[in-house]
Amino acid sequence: SRGLGDVYKRQDKGSSGEAQTDRKCNRRREDHRLNPGGSCVKHIKYKEYTHMVNMKIDHFVVGPVQTNCYFVTNIKTKEMIIIDPGACANQLAKKVDESGAKPVAILLTHGHFDHATDAKPLADRYGIKIYIHEADKATLDDPQLNVSYMMGQSKTFYADVFLKDKQEIDIAGFHIVVLHTPGHTPGGCCYYFPYEDVIFTGDSLFCGSIGRTDFKGGSMSDLVRTVKEKIMTLPEHTEVYPGHNDTTTIENERMYNPYL
């Protein structure tokens with residue numbers, strides 16, 4: 001059986017598939033430790049779009065299974081969206097305060113502990129709401145579904161706003177489309193920013209792989225089908241920011257992902 005290190009990602013394609021993935025993933029970021037313990041690692045990726053709004057993406061790796069947490073900042077309005085703050089709330093808050101931006105929302109791609117644990121402390125600190133797909137309400141409420149039991153703990157999590165598939169929301173000056181991609185969890189979803197050509201896929205899609213589906217509530221057929229129908233149909237230059245490991249593009253996944 002697989003341990004915590006493999007909590008998010010399917011790995012049964014063999015070493016050749018992994019090697020191919022490593023060659024094709026984007027590795028264009030610098031690493032900076034947030035604390036001596038090494039539980040939080042910062043990566044920064046900067047993008048500026050002069051034809052629409054300006055977007056800055058700060059990337060942090062947090063917690064025991066190295067989850068990607070993202071700060072998505074509108075440079076013009078100085079408003080920030082926090083995506084998947086799964087751990088390290090104090091360190092993340094320090095980075096928020098140093099940025100000078102104003103957090104306005106927290107988006108969760110799904111309800112697993114490594115993505116949801118520190119959403120509530122940050123939401124309370126900044127007086128903002130937590131968003132998640134409506135089908136993952138049960139995941140937040142159940143330690144078996146949110147897999148906090150794998151850490152020897154029994155935790156439940158919280159959200160304010162429960163989203164629907166294909167719902168369109170406007171936050172921080174960004175237009176966002178919610179894409180429900182169940183399979184890793186019943187309410188797993190992706191947040192697509194069509195005007196910036198960016199999508200945050202959580203544990204639905206990785207560079208060269210997809211999320212695990214052997215947890216309670218998982219479905220391999222649902223995940224593969226919805227990723228193919230809803231994500232792989234996006235423009236090929238769309239940049240993919242997953243819940244773990246490196247960034248990729250839709251074009252790259254069409255060419256090299258063995259599951260798709």
- Task: Applying side chain to side chain contact (heavy atoms under 4.5 Å, CB included), run through T238 and E236 and close with a yes or a no.
- Result: CA-CA 5 Å; T238 302; E236 64 181 16; over 6 Å; no

- For C69 and I82, what are the C-alpha separation, side-chain angles and deciding distance, and is it a side chain to side chain contact (heavy atoms under 4.5 Å, CB included)? CA-CA 7 Å; C69 170; I82 302 172; 4.1 Å; yes

- Query: Should I130 and V161 be marked as a side chain to side chain contact (heavy atoms under 4.5 Å, CB included) after you check the CA-CA gap, both sets of side-chain angles, and the distance that decides it?
  - Reply: CA-CA 6 Å; I130 303 169; V161 181; over 6 Å; no

- Run the side chain to side chain donor-acceptor pair (under 3.5 Å) check on E251 and H237 step by step: do they pass? CA-CA 6 Å; E251 179 182 27; H237 55 270; over 6 Å; no

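Put simply, OH on Y259 and OG1 on T213 are 9.0 Å apart, with the number rounded to the nearest 0.5 Å. Rounded to the nearest 0.5 Å, atoms CG (L92) and CG (L122) are 6.0 Å apart. If you take CD1 on I171 and CG on L107, they are separated by 5.0 Å, rounding to the nearest 0.5 Å. Taken from CD1 in I231 to CG in L205, the straight-line distance is 5.5 Å, to the nearest 0.5 Å. If you take CD1 on I83 and CD1 on I81, they are separated by 6.5 Å, rounding to the nearest 0.5 Å. Taken from CE in M255 to CG in L260, the straight-line distance is 14.0 Å, to the nearest 0.5 Å.
Between K155 and D141, no side-chain nitrogen of the basic residue sits less than 4.0 Å from a carboxylate oxygen of the acidic one, so the salt-bridge criterion is not met. Looking at D203 and R212, no side-chain N of the basic residue comes within less than 4.0 Å of a carboxylate O on the acidic one, giving no salt bridge.
Ring pair H112/H184 is perpendicular by interplanar angle, where above 60° counts as perpendicular and below 30° as parallel. Between H110 and H115, the two ring planes are tilted [angle within 30° to 60°].
Nearest heavy-atom pair across L223 and G183 is CB-CA, 3.7 Å. The two residues T77 and A172 make their nearest non-hydrogen contact at OG1-O, 3.9 Å. Taking all atoms of both residues into account, the shortest heavy-atom contact from L140 to A116 is CD2-CB, 4.3 Å. Considering all non-hydrogen atoms of both residues, T226 and P182 come closest at OG1-O, 3.6 Å. Nearest heavy atoms, I106 versus P85: CG2-CD, 3.8 Å. Between P242 and T201, the shortest heavy-atom contact is CA-OG1, 3.4 Å.
Side-chain atoms of Y191 come within 3.5 Å of backbone N or O of L108 as a donor-acceptor pair. Looking at E253, its side chain does come within 3.5 Å of a backbone N or O of G208 through a donor-acceptor pair. In this structure, the side chain of H244 engages the main chain of V65 through a donor-acceptor pair within 3.5 Å. Side-chain atoms of T139 do not come within 3.5 Å of backbone N or O of G111 as any donor-acceptor pair. A donor-acceptor distance shorter than 3.5 angstrom exists from the side chain of Q167 to the backbone of K164, with no hydrogens or angles considered. Looking at D118, its side chain does come within 3.5 Å of a backbone N or O of A89 through a donor-acceptor pair. T67 contributes a side-chain N or O that, together with a main-chain N or O of D114, makes up a donor-acceptor pair within less than 3.5 Å. A distance-only check finds no donor-acceptor pair linking the side chain of D84 to the backbone of N68 [under 3.5 Å]. When atom types are taken as modelled, the side chain of N146 and the backbone of D142 share a donor-acceptor pair closer than 3.5 angstrom. No donor-acceptor pair closer than 3.5 Å links the side chain of N54 to the backbone N or O of I75.
Under the 4.5 Å side-chain heavy-atom criterion for ILVMFWY residues, no single connected hydrophobic cluster contains both M220 and L145.
In this structure, R254 fails the cation-pi test against Y256, since its NZ or CZ atom is not both closer than 6.0 Å to the six-membered ring centre and inside 45 degrees of the ring normal.
Residues F206 and N245 are not in side-chain contact: their nearest non-hydrogen atoms beyond the backbone lie 4.5 Å or more apart. Looking at heavy atoms from C-beta onward, D160 lies out of side-chain contact with Y131 at the 4.5 angstrom threshold. Here the side chains of C207 and N252 are in contact, with some heavy-atom distance below 4.5 Å. Within the 4.5 Å cutoff, the side chain of I169 has heavy atoms near those of the L163 side chain. In this structure, K102 and M80 have side chains that are not in contact, with every pair of non-hydrogen atoms separated by 4.5 Å or more. Put simply, the side chain of R225 does not reach to within 4.5 Å of the side chain of V227, judged on heavy atoms. Contact check for K230 versus H180: side-chain heavy atoms found under the 4.5 Å cut-off. With a 4.5 Å cut-off on side-chain heavy atoms, I250 and M232 count as touching.
Here the two rings, on F157 and F113, have centers that are 6.0 Å apart or farther. Note: F71 and H59 fail the aromatic proximity criterion, with ring centroids not under 6.0 Å apart.
Applying the ring-ring contact (aromatic ring centres under 6.0 Å, His included) test between F193 and each of Y241, F200, Y70 identifies F200 as the sole match.
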